[in-house]
2 protein chains.
Amino acid sequence: MTTETLDSFHRGRFHLIQPLGQGHRSGMDAMLLASLVDCAGPCRVADLGAGAGAAGMAVASRLEKAEVLLVERSALMADFARRSVALPGNARFSARMSVLEADVSLAGRARVAAGLADDHFDHVVMNPPFNDASDRRTPDALRAEAHAMTEGLFETWLRTAGAILKPGGQLSLIARPESIAEIISACGRRFGGIEITALHPRTGENAVRILVTAIKQSRARLVLRAPLVMHGEDGHKFQPFVDDLNNGRVAYRRR
Amino acid sequence: MTTETLDSFHRGRFHLIQPLGQGHRSGMDAMLLASLVDCAGPCRVADLGAGAGAAGMAVASRLEKAEVLLVERSALMADFARRSVALPGNARFSARMSVLEADVSLAGRARVAAGLADDHFDHVVMNPPFNDASDRRTPDALRAEAHAMTEGLFETWLRTAGAILKPGGQLSLIARPESIAEIISACGRRFGGIEITALHPRTGENAVRILVTAIKQSRARLVLRAPLVMHGEDGHKFQPFVDDLNNGRVAYRRR
């Protein structure tokens with residue numbers, strides 16, 4: 001019986017071991033999230049709630065000087081992350097990656113003691129669990145945990161992101177459109193310069209995701225950017241720019 | 001010395017007397033706001049903070065059975081609204097319009113006593129003052145009043161809208177993108193089924209406005225719709241659909 005899969009991303013440039021039939025399975029969301037990170041020189045990146053590590057690995061794969069910390073609460077998923085990092089096919093960047101088994105919602109001294117120091121990271125990325133608790137299409141317990149939107153989740157996670165980022169550091173996340181107010185509210189005074197990009201499957205269709213970046217301690221106004229449309233006229237293939245983002249060829253840069 | 005202007009909208013189908021050099025001057029924002037209202041049969045519409053009445057008049061001009069109440073606090077602007085309604089060129093719909101000089105922020109009995117009854121309207125539209133108080137490009141006092149974004153304005157205005165709408169009635173507003181979280185938050189439990197459409201000047205540019213509709217007592221999820229792009233390739237003329245909205249030829253319907 002197959003209990004896990006080996007999946008390739010960025011057209012085979014890196015690989016991920018993921019549980020089959022349990023836990024969250026990463027895909028395009030994680031790749032688009034990773035595309036929000038841009039740094040030419042050395043930089044420290046934390047992937048909060050990293051799961052098997054898809055987003056963080058995509059950052060390390062594209063950015064040659066990025067050091068990436070995968071932070072994951074579930075021992076099972078953290079183990080998948082460690083094994084994924086150790087795959088021979090990921091040797092190109094595995095020395096720049098590490099895995100921390102810790103709960104993102106830890107605060108204050110408990111957070112620091114767990115290994116998440118204040119003012120330490122240039123980038124924090126997160127793909128938080130975003131099915132709400134009433135969504136019963138995912139019966140599996142581990143997947144339910146990964147997908148369960150708990151009240152105040154963004155508030156808790158952005159508190160941690162705000163603490164561990166350097167001043168001027170960048171928060172990046174991907175979420176559902178209905179979370180937009182909760183996210184902006186959780187940014188509060190911790191983050192400014194919020195940039196939101198809606199992701200639409202096709203021209204004329206409702207958004208299915210929002211891409212959000214924000215800067216710690218910025219006071220700049222929120223910006224609603226031009227949307228990204230995934231599919232072109234034929235309705236099937238990805239638009240070239242979205243395909244580039246999905247395959248780690250370019251970053252989606254802030255304005 | 002010219003102190004007022006006579007402006008035509010919907011390609012000359014209705015007219016507005018507006019103060020020159022003081023007060024808020026209506027234009028495309030009001031026309032797009034009006035396009036959010038759709039009803040084939042008789043319906044009651046309130047335009048909150050109506051100014052000289054552009055949005056409400058645009059609704060009455062396009063919808064043959066709509067009865068529209070313009071609600072305006074400023075005696076000066078309410079007077080412009082009354083005189084505009086009375087213009088011969090507006091006779092086609094003026095019998096279906098009335099002007100109420102009242103403060104939208106009134107609550108409870110004071111609001112009802114002022115003429116805004118509970119559960120009365122099918123539609124409420126608003127184009128709330130949305131320059132923030134720190135914007136000093138508008139020195140004139142009356143214009144500053146019209147443009148001053150006061151803390152909690154959406155909360156106050158949506159409380160009134162929620163009270164005077166029938167259950168299932170529709171709120172429509174136009175605002176700046178940076179107000180998005182405040183608007184959603186003010187919808188709270190009063191409104192659901194929030195639909196947001198970003199308005200971009202050109203493809204690839206940031207949004208300059210958001211169009212928002214919501215339904216009283218709905219529990220439907222927020223939707224981020226496909227954006228509207230004002231200008232086409234040549235960069236100057238309006239896109240045909242936006243031009244139709246701006247000129248009262250079509251409604252921008254909810255999903």
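Chain letters run A, B, ... following the sequence lines, proteins first, then strands; residues in each count from 1.
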Quick one: CE on B:M126 to CD1 on B:I183, what's the gap to the nearest 0.5 Å?
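Going from CE on B:M126 over to CD1 on B:I183, the span is 9.5 Å.
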
Atom group of B:R202 that falls short of 4.5 Å from chain A, counting heavy atoms:
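No part of B:R202 comes within 4.5 Å of chain A.
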
Between B:I194 and chain A, with a heavy-atom cut-off of 4.5 Å, which part of the residue counts as in contact: side chain, backbone, both or neither?
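The answer is neither part of B:I194.
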
Given the options B:I184, B:T203, B:N206, which has more heavy-atom pairs under 4.5 Å with chain A than any of the others?
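Option with the greatest count: B:N206.
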
We want to know whether B:T197 and B:E195 form a side-chain donor-acceptor pair, criterion being a heavy-atom distance below 3.5 angstrom.
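The criterion, which ignores hydrogens and geometry beyond distance, is not satisfied for B:E195 and B:T197.
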
Answer with yes or no whether the side chains of B:H123 and B:R44 bring together a donor and an acceptor at under 3.5 Å.
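No donor-acceptor contact under 3.5 Å links the two side chains.
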
Looking at A:L222, A:V229, A:L224, which makes the most heavy-atom pairs under 4.5 Å with chain B?
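Going by pairs under 4.5 Å, I would pick A:L224.
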
Please test A:D119 against A:K216 for salt bridge (charged side-chain N to carboxylate O under 4.0 Å, His left out), starting from the C-alpha separation and ending with a verdict.
CA-CA 10 Å; A:D119 301 331; A:K216 180 173 173 177; 2.8 Å; yes

